[in-house]
Chemist: 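Quick one: the structure is below, and I'll ask about it shortly.
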Amino acid sequence: MKTQALPGFRDFYPAEAALRNHIFSVWRSVAGRYGFEEYDGPPLEPLKLYTDKSGSEIVQQLYNFLDKGGREISLRPEMTPTLARMVAARAQGLKKPIRWFSIPQLFRYERQQRGRLREHFQLNVDLIGETSPLADAEVIAVSIDVLRELGLTENDFKVRVSDRNVMRALVLAAGVPEGLVDKAFAACDKIDREPAEVLIEKMVAGGISEAAGAEVLKVAGIKGGEALRAALRGLADEDSAKQLFECIDSLRAMGLDGYVEIDCSIVRGLDYYTGIVFELFDAGKSLRAICGGGRYDNLTRDIGGVALPALGFGMGDVVLGELLKDKGLLPRVESQISVFAVAVDSDDLPEVLSLAHELRDKGLSVEYALKGQSVGKQMKVAASRDARVVLVIGAAEREESVVVVRDMAAGTETKVSRELVIERVTGLAASI
RNA sequence: GUGGUUGUAGCUCAGUUGGUUAGAGCACCGGAUUGUGGUUCCGGGGGUCGGGGGUUCAAAUCCCCUCAGCCACCCCA
């Protein structure tokens with residue numbers, strides 16, 4: 001019986017593993033530039049860690065089960081609760097602000113589609129212990145620089161930024177009762193995906209008046225700083241956007257304002273967000289969100305009992321990989337080996353092994369045929385492996401104590417004495 | 001979890017109203033080429049036609065079930 005990977009899980013063949021490593025190395029390098037330190041936590045957590053905070057709805061999507069000890073456990077669906085626990089446990093001793101990042105593999109049990117699997121890797125960048133909107137700008141800048149480093153430009157993607165406090169003020173001013181703000185947010189979130197009548201219908205069903213519902217949709221349609229300023233003018237909470245504007249100003253000073261736009265339809269799905277929120281989309285919006293995040297100032301208090309302001313984002317490898325494929329930005333496959341050593345006859349093998357190992361000790365990648373093959377055959381293998389240098393050792397060479405060194409790109413050959421060959425080959429392999 | 005749609009070689013696909021032993025290109029392996037690569041030429045392996053059941057003299061083709069991919073809901077790491 002044929003077995004295959006479980007639905008929503010991936011086999012990483014060398015090409016896929018190369019893409020994954022490419023993404024990971026850019027994630028690490030950009031996070032490092034901003035001074036973020038890498039951490040990790042367990043892939044399995046007590047189910048309680050997620051149910052306590054998120055309520056029963058998220059439990060339907062959890063990859064949870066009973067372990068052999070009868071414990072209710074779950075594969076982690078997100079990193080933030082683990083982070084909140086870890087930070088809270090040592091909150092006293094950690095220097096603030098805390099800049100941490102992680103690349104966890106996360107799991108959710110739901111039906112897969114393009115860009116959405118049951119498992120993915122996600123860059124999590126979090127900044128904890130700082131309320132200044134410059135912290136928000138800092139974190140958003142990391143997300144932008146990751147995409148820039150991967151070769152994407154401001155024509156390829158945009159960060160849409162909003163602020164839940166601002167949206168709350170606007171939605172209340174639109175006539176939505178205090179207790180129904182969440183329902184209004186849910187409608188904002190879907191403004192691009194569902195027709196206005198349907199959204200208003202849903203809000204009315206939730207207890208919001210039809211007039212207020214129509215106003216909410218107008219609010220959600222606000223894009224750009226000017227439109228937002230105009231909408232806020234004269235409101236009691238006119239200053240609610242101060243932080244948002246400061247954040248945008250900081251990004252402008254960094255030279256990143258071309259990537260950013262204010263978009264009031266962004267409110268984020270999770271309940272724990274408290275302030276500035278943002279999502280990153282490809283320019284055509286043909287894919288799902290590449291990245292999403294925001295401020296969650298109450299979460300470490302709710303989970304760990306230590307109140308610390310915090311914000312962060314998650315960026316998954318799946319949508320990002322799709323985007324890179326679409327844009328032709330897959331990493332080039334590097335030459336696999338530097339040197340291929342050819343033994344003309346089986347008598348030459350010991351000398352080939354000895355030379356190959358000396359070169360490997362120098363850090364070069366070296367291969368040779370694992371069974372007796374004709375010289376022509378071995379050359380073919382060397383070419384197919386993209387070897388930069390081929391070394392040929394036969395009876396004649398051993399007799400003279402030399403090695404034939406062939407530069408594969410130039411197609412030229414020289415005889416080099418056995419004593420000098422290591423130096424010569426390391427130089428040649430590095431120079432090309 | 002609900003609905004729609006697709007499934008033929010490792011990949012991209014062809015396969016007539018059901019009709020002999022299911023094909024092509026690319027990839028892979030071997031030979032031409034037992035001391036010299038990418039080209040070329042020749043040859044080869046590889047398919048339970050997603051799986052199971054049914055109709056029929058005969059099924060890749062028609063019917064049912066199931067699994068998987070994709071799309072839309074749901075939900076949004």
Side-chain angles (χ1 to χ4, degrees), chain A residues 1-11 13-15 43 50 54-63 74-83 102-124 186 189-190 193-194 198 266-273 279 286-293 312-320 322 340-348 369 372-398 404-413 415:
Chain A
M1 180 170 139
K2 253 199 243 181
T3 61
Q4 49 188 321
L6 289 166
F9 285 76
R10 296 170 287 175
D11 289 326
Y13 287 87
Y50 306 109
S54 315
S56 62
E57 281 190 15
I58 221 167
V59 179
Q60 297 169 348
Q61 314 245 326
L62 284 175
Y63 223 110
S74 174
L75 287 160
R76 57 188 175 194
E78 56 166 338
M79 197 59 176
T80 314
T82 299
L83 171 67
S102 188
I103 305 181
Q105 189 174 21
L106 305 175
F107 306 86
R108 300 194 87 171
Y109 196 89
E110 61 183 341
R111 188 166 286 193
Q112 64 163 320
Q113 284 179 43
R114 186 186 190 209
R116 193 172 185 89
L117 307 173
R118 286 184 173 177
E119 147 275 321
H120 76 154
F121 291 91
Q122 189 187 63
L123 171 66
N124 271 248
D189 194 40
K190 292 191 169 72
R193 279 167 293 170
E194 291 196 48
V198 176
I266 303 296
V267 292
R268 302 290 295 149
L270 294 172
D271 289 340
Y272 56 62
Y273 288 110
E279 291 184 2
S286 60
L287 301 170
R288 293 153 197 283
I290 301 162
C291 167
F313 70 77
M315 179 189 291
D317 71 317
V318 179
V319 176
L320 197 52
E322 298 282 352
F340 194 95
V342 171
V344 174
D345 196 77
S346 61
D347 294 339
D348 306 314
Q373 285 177 320
S374 72
V375 173
K377 177 69 194 161
Q378 292 181 69
M379 289 299 295
K380 268 188 190 166
V381 174
S384 76
R385 297 290 283 153
D386 280 330
R388 290 161 179 183
V389 178
V390 168
L391 305 177
V392 182
I393 295 173
E397 285 76 20
R398 284 190 289 123
V404 172
V405 177
R406 181 178 182 85
D407 180 332
M408 291 296 273
T412 55
E413 278 184 10
K415 280 188 182 177

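Naming: A, B, ... by sequence-line order, numbering from 1 per chain.
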Chemist: Compare every heavy atom of A:Pro77 with every heavy atom of A:Arg108, then report the nearest pair and how far apart it is.
Modeler: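 Shortest heavy-atom separation between A:Arg108 and A:Pro77 comes out as CG-CB, 4.2 Å.
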Chemist: Separation of A:Met79 atom CE from B:C76 atom P, in whole Å?
Modeler: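 Between P of B:C76 and CE of A:Met79: 21 Å.
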Chemist: With C1' as the reference atom in both, quote the distance from B:A58 to B:G1 in angstrom, rounded to an integer.
Modeler: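 Here B:A58 and B:G1 have their C1' atoms 42 Å from each other.
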Chemist: Please round to the nearest 0.5 Å and tell me the distance separating atom CG of A:Asn124 and atom OG1 of A:Thr82.
Modeler: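 It comes to 9.5 Å.
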Chemist: If you take all heavy atoms of A:Asp189 and A:Arg268, which pair is closest and at what distance?
Modeler: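 Between these two residues, the closest heavy atoms are OD1-N, 4.4 Å.
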Chemist: Without decimals, in angstroms, what is the distance between A:Arg288 CZ and B:C75 C1'?
Modeler: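 Rounded to whole Å, this separation is 10 Å.
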Chemist: Taking atom P in both B:G23 and B:U36, what distance in whole Å separates the two?
Modeler: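 That atom pair is separated by 39 Å.
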Chemist: Going by purine N1 to pyrimidine N3 plus the second Watson-Crick contact, or the G-U wobble pair, all under 3.5 Å, which nucleotide sits opposite B:U48?
Modeler: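 Here B:U48 is not engaged in any pair, so there is no nucleotide opposite it.
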Chemist: At under 4.0 Å between heavy atoms, what does A:Gly8 touch on the DNA or RNA strands: base, sugar-phosphate, or nothing?
Modeler: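 Here A:Gly8 touches the backbone only, sparing every base.
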Chemist: I need the CG-P distance between A:Asp11 and B:G10, as an integer number of Å.
Modeler: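 Rounding to the nearest Å, CG of A:Asp11 and P of B:G10 are 15 Å apart.
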Chemist: In Å and rounded to the nearest 0.5 Å, what is the CG to CD distance from A:Leu391 to A:Glu413?
Modeler: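 So the CG of A:Leu391 and the CD of A:Glu413 are separated by 10.5 Å.
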Chemist: Please report the interatomic distance NE2(A:His120) to CZ(A:Phe107), rounded to the nearest 0.5 Å.
Modeler: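 Reported value, rounded in 0.5 Å steps: 9.5 Å.
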Chemist: Using side-chain contact (heavy atoms from CB on, under 4.5 Å) as the criterion, point out the one residue from A:Val404, A:Val342, A:Asp407 that pairs with A:Val390.
Modeler: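 It is A:Val342; the other options fail the test.
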Chemist: Could you tell me whether A:Leu391 contacts a base, only the sugar-phosphate backbone, or nothing, with contacts defined as non-hydrogen atoms closer than 4.0 Å?
Modeler: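 Result for A:Leu391 = nothing.
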Chemist: Please give the distance between the C1' atoms of B:U20 and B:G37 as a whole number of Å.
Modeler: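 Their C1' atoms lie roughly 45 Å apart.
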Chemist: Whole angstrom is fine here: how far is it from CG in A:Leu117 over to C1' in B:C75?
Modeler: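 To the nearest whole Å, that distance equals 15 Å.
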Chemist: Whole angstrom is fine here: how far is it from CZ in A:Arg385 over to P in B:C28?
Modeler: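 Whole-Å distance recorded here is 12 Å.
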Chemist: Mind checking the C1' distance from B:C41 to B:U33? Whole angstroms is fine.
Modeler: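 Taking atom C1' in both B:C41 and B:U33, they lie 12 Å apart.
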Chemist: Round to a whole Å and report the spacing from NZ of A:Lys190 to P of B:C76.
Modeler: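 So the NZ-P distance, A:Lys190 to B:C76, works out to 7 Å.
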Chemist: Considering only atom C1', compute the distance from B:G15 to B:C74 and round it to an integer number of Å.
Modeler: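 40 Å, rounded to whole Å.
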Chemist: Report, as yes or no, whether the 6.0 Å neighbourhood of atom CZ on A:Phe9 holds more than 12 heavy atoms from other residues, nucleotides or ligands.
Modeler: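 Count over threshold, so yes.
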Chemist: For A:Arg116, answer base if it contacts any base atom (sugar-phosphate contacts may also be present), sugar-phosphate if it contacts only those atoms, and nothing otherwise; contact means non-hydrogen atoms under 4.0 Å.
Modeler: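 Contact class for A:Arg116: base.
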Chemist: Does B:A59 have a Watson-Crick or wobble partner in any strand here, with both distances under 3.5 angstrom, and which is it?
Modeler: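 The base-pairing partner of B:A59, which may sit in any strand shown, does not exist here.
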Chemist: What does nucleotides 3-9 of chain B look like as a protein-contact string, B for base, S for sugar-phosphate only, - for none, at under 4.0 angstrom between heavy atoms?
Modeler: B------
Chemist: Please report the distance separating the C1' of B:A68 from the corresponding atom of B:G50, rounded so that it comes out in whole Å.
Modeler: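 Each nucleotide's C1' atom is 7 Å from the other's.
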Chemist: Counting only Watson-Crick or G-U wobble pairs whose two distances fall under 3.5 Å, which nucleotide matches B:C76?
Modeler: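 When the pairing criteria are applied, nothing turns out to pair with B:C76, so the answer is none.
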Chemist: Is it true that A:Arg398 and A:Asp345 make a salt bridge, defined as a side-chain N closer than 4.0 Å to a carboxylate O?
Modeler: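 Salt bridge: no.
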Chemist: Could you tell me which residues satisfy ring-ring contact (aromatic ring centres under 6.0 Å, His included) with A:Tyr273, sequence neighbours excluded, listed by chain and number?
Modeler: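 Per chain and number, A:Tyr273 pairs via ring-ring contact (aromatic ring centres under 6.0 Å, His included) with no residue.
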Chemist: Rounded to whole angstrom units, what separation is found between the CD atom of A:Glu322 and the C1' atom of B:C71?
Modeler: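 Those two atoms, CD and C1', are 14 Å apart.
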Chemist: Pick the nucleotide of RNA chain B nearest each of A:Gly292 and A:Gln113; which residue has the one closer to the 5' end?
Modeler: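 On the 5' side of the pair lies A:Gln113.
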Chemist: Measuring only the C1' atom in each nucleotide, how far is B:G52 from B:C57? A whole number of Å is fine.
Modeler: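 23 Å, rounded to whole Å.
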Chemist: Counting only Watson-Crick or G-U wobble pairs whose two distances fall under 3.5 Å, which nucleotide matches B:A14?
Modeler: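 No nucleotide pairs with B:A14.
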Chemist: A:Arg10 CZ to B:A68 P: how many Å, rounded?
Modeler: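 Atom CZ in A:Arg10 sits about 18 Å away from atom P in B:A68.
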Chemist: For a quick test of reading the model, state the closest non-hydrogen atom pair linking A:Leu106 to A:Met79 and the distance between them.
Modeler: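 So the minimum-distance heavy-atom pair works out to CD2-N, 4.1 Å.
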Chemist: Considering Watson-Crick and G-U wobble pairs with both distances under 3.5 Å, what does B:C29 pair with?
Modeler: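 Pair assignment: B:C29 / B:G43.
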Chemist: Would you measure the distance from the C1' atom in B:C13 across to the matching atom in B:C49 and give it in whole Å?
Modeler: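 Rounded to whole Å, the distance is 13 Å.
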Chemist: I'd like to compare against my own output: the B/S/- annotation of nucleotides 33-44 of chain B with a strict under-4.0 Å heavy-atom distance to protein.
Modeler: -SBBBB------
Chemist: Does A:Pro7 or A:Glu194 map to a spot on RNA chain B nearer the 5' end, using the closest nucleotide for each?
Modeler: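 Between the two, 5'-proximity favours A:Pro7.
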Chemist: For A:Arg288, is there an ion pair with A:Glu322 - N to carboxylate O distance below 4.0 angstrom?
Modeler: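 Here A:Glu322 does not pair with A:Arg288 in a salt bridge, since their nearest N and O are not under 4.0 Å apart.
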Chemist: Would you mind pulling out the nucleotide paired to B:U5, Watson-Crick or G-U wobble, both distances under 3.5 Å?
Modeler: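 Because both required distances fall under 3.5 Å, B:U5 counts as paired with B:G69.
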